[in-house]
Each structure stands twice: as structure tokens, then as C-alpha cells.
Amino acid sequence: MTLVAQIKCAAADALKHLFPEADIQLSMITVNQTKPEFTGDYTIVLFPFVKQLRQKPDVLGNQLGSYLVEKNELFTEFQIVSGFLNLTISDSYWTNLLVNHFNDAHFGEKPKQDRRVMVEYSSPNTNKPLHFGHLRNNFLGFAMGEILKANGNQVVKANLINDRGIHICKSMIAWQRFADGATPESTDTKGDHLVGDYYVKFNDILKEQTAPIMDRIFHGDFDDLDAAAADKAAKLIAAYNKPEVKDDKDKADKIKGDIKEIAQNHTEIQLAAKEMLRQWEAGDLEVRKLWETMNGWVYQGFSETYKRLGVDFDKMYYESETYLLGKEIVVKGLEKGVLFKKEDGSVWIDLTADGLDEKLLLRGDGTSVYMTQDLGTAVLKYNDFKLNQSIYVIADEQNYHMQVLKLILEKLGEPCADGVFHLSYGMVELPTGRMKSREGTVVDADDMINEMLRLAQEQTEEAGKTEGFTQEELKKLYNTIGLGALKFYLLRVDPKKKMIFDPKESIDLHGFTATFIQYAHARICSILRKEHVAVMPDNAGFHHFKMTAPFEKAEKDLIITLDQYPMMLESAAAEYNPSQLCSYAFHLAQLFNTFYDQHSIANAESEEKKQLRLMLIVMTAQILRRSMKLCGINLPEKM
RNA sequence: GGUCCGGUAGCUCAGUUGGAUAGAGCAUCAGCCUUCUAAGCUGAGGGUCAUUGGUUCGAAUCCAAUCCGGAUCACCA
């Protein structure tokens, strides 16, 4: 039981004893850490009881405080300040915590339970390299997996690779036409980047081919279009030429966009990509072979990047293998009457009663849409691992899609429905707006990693901290610092919030950063080295510890925060929010730095203080290390 | 237009069930290295918590309305 929970229980018992007729619920008791300007460790708010107990806050506080200090050895002192009961926790609680847990490698973690959770994250398309936005997804997914593990869950980290579809055909078409047989080897280019280059090339050509068609459409020439499109285009042009639309820039842009889409769909190269997709689905050998080759290049590139990022997966799903799933589920849904068929043969679900729209599940020609295959993979995942929960780490632009997915699964009575959970995160944007891979305005993931390593090296050299390291060690150190900074930067904010990243301003290595935490850890390790104490020492020399001198303020602040770690770890899992661990670790490092500045460990006033402080810093280092590790961030012993 | 999310210091963000004078970091200014790593520490300035009303002992937090920003509402994925 956490200390806060113990205080609540003690207070509830006390109130029950002091006011037998009263009905005090545990949930009415608010316990906070005491503000620094007051004496005490934790504070009970008295106001909620005033009315029911018909006591003035101060009188009530006196009764409650006296009772607690007298009857419960957890408390040694109390003070009342305007409606708040400030309690001082006995030193023995703190010293017990230290002696029992200062070298506990899994402090705050829960034993493994029979609860299976899948975290699906990363889930890239195979037509282009990973960008900055994917990094947020990868770090978030990895961290959540680790945090859930530390809370006792059995976690399967999964990656659903979107390896088929029109996007990869675009890269393939452009490669066929313009690459002249180029391979990653022949061009010395990372495979995912090579394929991505041809995706960009495709879009360049598409743009070139779209312009004249659009031009002709605006001149009333619809010869490029098929009959249906020509009809639609004519209507759009008519609407566009209305005076009230011409004056409204938003409306005009919208129509222009629709016309552009029509034009794009009738370019030669777009039609070629569509034809290639048809050939792929028909199993055309040559197309399949090229597809396999180019995907192979991309996987090679991805696996390098994943390795550098330090993320991993227990299970890979490939869309080419799962995109046909889901049809059976739809057929069953039709039989059950949950779904309905329209005249053209397309299958829909009516969600209007739930405040949503009708949603298409099978096209008129019987082919699947995105939702169909997601239904299928949801069931597949559930059957593969008997999941209690299935987490999808997906950007918030898909909130609606995920809401609909869960709802449809529920309506179909699929047992996996309950466990579906969308871990929705905000997109990473540039100061100029969203990143668009088609327009090449993305911040590339590999470039970003390189930039961070460069920054780590530059700042380490500037600070003159390279002495005593081999080249090999330095390389590792820059990696630890650079990647740590990158991960922390992306994990330190609430996942739900979108974030703006300005590439011109490089990521800082000071202040609220991983570097700050790494530095505190390195300082601790340095002290331990000089004192010949292991980073994780055994109990010998500490288990007879007896404290006679009172805590210094900085010591107390540190130990109170160490004691809160289990609560933080649980909360990070419950809220699906690794940023809580980042804030916590930073705060802990801050408290350590203050403590370090004020008190000497090696030359402590007494042997007793030295022992106390060694336990304090060992435990601090351990929790810093562990909490950051769960976020995928390593802490060096020297920097 | 419907639905959902967001608006806190110049900037980036904390602030979980309502609790004390709203906190960090960056940036600015002023101090601190002969002593365990100054990538650090101490201090100062900086706020109409978008606006208005409501609920109550008490509201950044809950409710309502309004304003602003974003996402989404495809026989795309």
C-alpha cells in the first residue's frame, strides 16, 4: 500500500473513532504532499468534513491530528494551517523504505499477471522512409509496452506493415520508368530512402501531368476524362464560376481541390499505378517480383532504423496477408442482420443511432475496404494471443475510424471488441503546418537521428568532457545522449496533445531533457565509483543502519519523491502516458542536484549520514535508470 | 454544418478524482567552480489559466454559452 493510501486509511479510521455517528468515505479524504513553505510531509484537507461533523476546521484538525500522532506510529507531529492538517511522517518509515528498497531493482513494479495486452505501433507504409511523426509513434508504442510490462501485463509488441496498395505501386511505377535498374547497393542508398525517392518522383510527374489536364478542364475541355468524371467536372466548373463562390476563397479552393483530384485520377501515370495494383491483386508474377524486391529494400532500411531507435517487435503482421480477412465477418454480420446490402451490392452498417454515419464495409464489386481488413485483423490478433486488451498506437486523425471500428466489432458481437483501445496521439507538425511526404516537407527520421548524434558530440566536445574515453566509448556515449534527447523530447509531452517541432531550433540538451537526468545519474555513479560502492550494492554494511540525526530538508525531499515512484509507474500505465515518467524522473534529478549541491556524500558529517546518503543516491540512480529505461532511454555511468 | 480534441508566463509544456500565494524548462537579468562531474546550483522579473455566466466554504480543474485553433465526417489508407 502506498503511503498516501495508508494516510487515507488512518484518517478514515480516526474519524470513525472520533465521530462514530458520522459517515466518512475514503474518497472524501484528500491527501497532498505538503507545500514547501509549511512544516510537514503530507497534508489532509479538512474542509470536506466540516459540514457533516459540525466542527470548525481548526478544532477538527486538532482532534484528528492528536489522535493520529498518539495512536499511529506512522505520524510524529502535526500542524494546522487554515483548514489544512500537515502531518510529519516518522523517520522510521523513511529509513525502512531505504533499507528495504534502496537496491531493489524492481521497486514499484508488479508481479506478472495473467493479462495479455498487445501494443500495435509503428505500422509503416512501405513506400517511403520513416519521418519525425513516426518517431513519436515508435517511442510512444515502445514505452507503453515497457510500462505495461512493469505493471504486470504480458505484452506483445506488434507491427502491422502496410506493404500493399496504391502507394507502393506508385514507387514501383516510378522506379520502373526512371531508375534504370538502380538498387540500394548500386547507389549506396538506404533501401527505404531509395524507394521513397521514387515515390517523390512519381508525385513530381503526377503534378506535371495534372497541370495541363486541369488547365483544359478550366477551359471547358473534358476530353481527358471519362463520361462520369466529365459530368462531375462540368458541374464543379459551373459552381466555381458562380460569383459568390469566386469571392469565397475557402469554397473556391475546395472546388479547385476536387477538380484537381479528378485531373490527377486521369493522368497517364496515375492510371498506370492503378493498373499495376490490379495486376498485383491478380497475382501477376512480374509485378509481384518487383514488389517483393522493393519491399525487401524497405524492410532492410526499416530494420536498420528500428535498431538505431532501440525499438522492437514480438509479432509482425503484413497487410498483404491480412487484407482479405474480414469478409467472412461481414458475411456473418449480414446473416445476423447487423449489416445491410444496398442495391449495387455494397454492404454497409448503419451507425446513425449512435450519432455516427453509415459506413461502407464491402464495395459493390465485393472487394474489401480499409475497415473490412481492420475488422479481420482485430479478430486475428485476438485469436492469435487470447488478448485481454488490444492497444492501437495511431495518430488522432484516425479517431473517428477507431471509434467506428470498436463500435462495429461490438455490434457484431465479436469478443475482441471490449479490448480494443485506441491510444490516440497528436500529430507532429512543422511551424509551416503538417508534414507532407508527397511534397517532401518531412523531417526524415534518419536525418534527425544523425543530427542528434552530431549535437551530442558537439556539445560534449565543447564542454571538454571527452577525456578518459576511448573512441568506441565516445561513440556509444553520443548515441546515448543524442537518442536519449530525441526520445525524451517526443515523450515528455502528453501524447494526446499535438506538438510543433521547429527544425531550425535544434533540440536542447539543457533543462527539461534526458541529458539533465543522464547527468545526475553520471554524477551519482561517479561518487559510487570513488567510494567503491557498486551501482547496485548488496545489503552488507547497510542493513544495520540506525538513524539518530534528523533528516536534512534536501534529504527528506528526495526520499519523499523516491517513495512516490510506485504510484507514478502505476499512473503512467493507467493513463497511457509515458510523459508522467519523464516529468517524475526530471523532478527527481532536480531534487538530487539540489541535495548534491548542499550536502557532501563522501565527506558527510558522520558515518551515519554517509550511509544514509549512499542509500539515497543508490536508490535515486536506480529509479532514474529504471524509469528512463521504460521510456527506451539509457543513462550512462560517465559523461 | 455534425462529432471529437485543444486554448495556462515572450516560447515549449506540467498541473488525474475541485484545495493553501497556479508550477517547470527555455529565453532575459544577478550571483555561485581550490572541496563528491558547473551538461549543475541559488535568486529576480514575467500570468485577466481564451471570454462570460453558473455550481460552493473553495474553480485552471465541474456545468452552460461564446470566441479562436485543429482533426474528422470517401466505394482512400
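Residue numbers start from 1 in every chain, and the chains themselves are labelled A, B, ... in the order their sequence lines are given, proteins ahead of strands. Note that the structure is a prediction, hence the values are computed from the model and not measured.
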Using the salt bridge (Lys or Arg N to Asp or Glu O under 4.0 Å) rule, take A:Glu607 and A:Lys610 through it: C-alpha gap first, then chi angles, then the decisive distance, then the call. CA-CA 5 Å; A:Glu607 190 54 30; A:Lys610 185 166 177 176; 5.3 Å; no
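- Within the 4.0 angstrom heavy-atom criterion, no nucleotide atom of any strand lies near A:Gly165.
- At a cut-off of 3.5 angstrom, the base of B:A20 holds at least one donor-acceptor pair with the side chain of A:Asn86.
- Here the side chain of A:Phe84 is nearest to one of B:G19, B:C41, B:A39, namely B:G19.
- Rounded to the nearest 0.5 Å, atoms CZ (A:Arg278) and CD1 (A:Ile166) are 8.5 Å apart.
- The base of B:U37 sits with one of its N or O atoms less than 3.5 Å from a complementary donor or acceptor on the side chain of A:Lys465.
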In B/S/- notation (B base, S sugar-phosphate only, - none; protein heavy atoms under 4.0 Å), nucleotides 21-26 of chain B written 5' to 3' is ---SSS
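- Comparing the same atom, C1', in B:C32 and in B:A71 gives a spacing of 49 Å after rounding to whole Å.
- Rounded to whole Å, the C1' atom of B:G15 lies 11 Å from the corresponding atom of B:C49.
- Nucleic acid contact class of A:Ile481 (heavy atoms, under 4.0 Å, all strands): base.
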Kindly determine whether A:Arg613 and A:Glu605 satisfy salt bridge (Lys or Arg N to Asp or Glu O under 4.0 Å), including the steps that lead there. CA-CA 11 Å; A:Arg613 289 174 188 168; A:Glu605 307 84 284; 2.9 Å; yes
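- Using a cut-off of 4.0 Å between Lys/Arg side-chain N and Asp/Glu carboxylate O, A:Asp494 and A:Lys496 are scored as salt-bridged.
- Within the nucleic acid shown, A:Val45 comes within 4.0 Å of at least one base atom, counting heavy atoms only.
- Side-chain atoms of A:Lys498 lie closest to B:G69 of the nucleotides B:A77, B:G69, B:U42.
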Nucleotide pairing, RNA chain B (Watson-Crick or G-U, distances under 3.5 Å), in dot-bracket with [ ] and |: (((((((..((((.....[...)))).(((((.......))))).....(((((..]....))))))))))))....
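- In the displayed structure, A:Lys638 atom NZ is contacted under 6.0 Å by more than 12 heavy atoms of other residues, nucleotides or ligands.
- Among the atoms of the strands shown, none is found under 4.0 Å from any heavy atom of A:Lys496.
- In this structure, a donor-acceptor pair under 3.5 Å is absent between the side chains of A:Ser171 and A:Asn127.
- A:Tyr584 and A:Tyr565 have tilted rings, their planes meeting at an angle from 30° to 60° on a 0 to 90° scale.
- Both thresholds, 5.5 Å between centres and 30° between ring planes, are not jointly met by A:Tyr400 relative to the base of B:U3, so the two rings are not stacked.
- A side-chain N or O of A:Tyr400 and one of A:Asp357 form a donor-acceptor pair less than 3.5 Å apart.
- Looking at heavy-atom distances under 4.0 Å, A:Glu319 makes contact with sugar-phosphate atoms alone, never a base.
- Separating the CD atom of A:Gln598 from the P atom of B:C36 is a distance of 17 Å, rounded to the nearest angstrom.
- Aromatic ring centres of A:Trp291 and A:Tyr318 lie farther apart than the 6.0 Å criterion allows.
- The side chain of A:Ile527 has B:C36 as its nearest neighbour among B:G19, B:C36, B:G7.
- Separating the CZ atom of A:Phe47 from the C1' atom of B:U17 is a distance of 19 Å, rounded to the nearest angstrom.
- Atom C1' of B:C33 sits at a distance of 11 Å from the matching atom of B:C41, rounded to the whole Å.
- Rounded to whole Å, the distance from OH on A:Tyr519 to P on B:U37 is 8 Å.
- With both ends at atom C1', the span from B:A14 to B:G25 equals 10 Å, rounded to whole Å.
- In summary, the side chains of A:Thr34 and A:Asp41 do not present any donor paired with an acceptor at a separation below 3.5 Å, with no hydrogens or angles considered.
- In this structure, A:Phe592 atom CZ and B:C36 atom P are separated by 13 Å, rounded to whole Å.
- Closest approach to the A:Asn162 side chain among B:A77, B:A39, B:C73 is made by B:A77 (side chain taken as heavy atoms from C-beta onward).
- For A:Phe516, the ring pair (Phe, Tyr, Trp, His ring centres under 6.0 Å) criterion is met by A:Phe586, not counting sequence neighbours.
- Using a 4.0 Å heavy-atom distance criterion, A:Pro57 is classed as making no nucleic acid contact.
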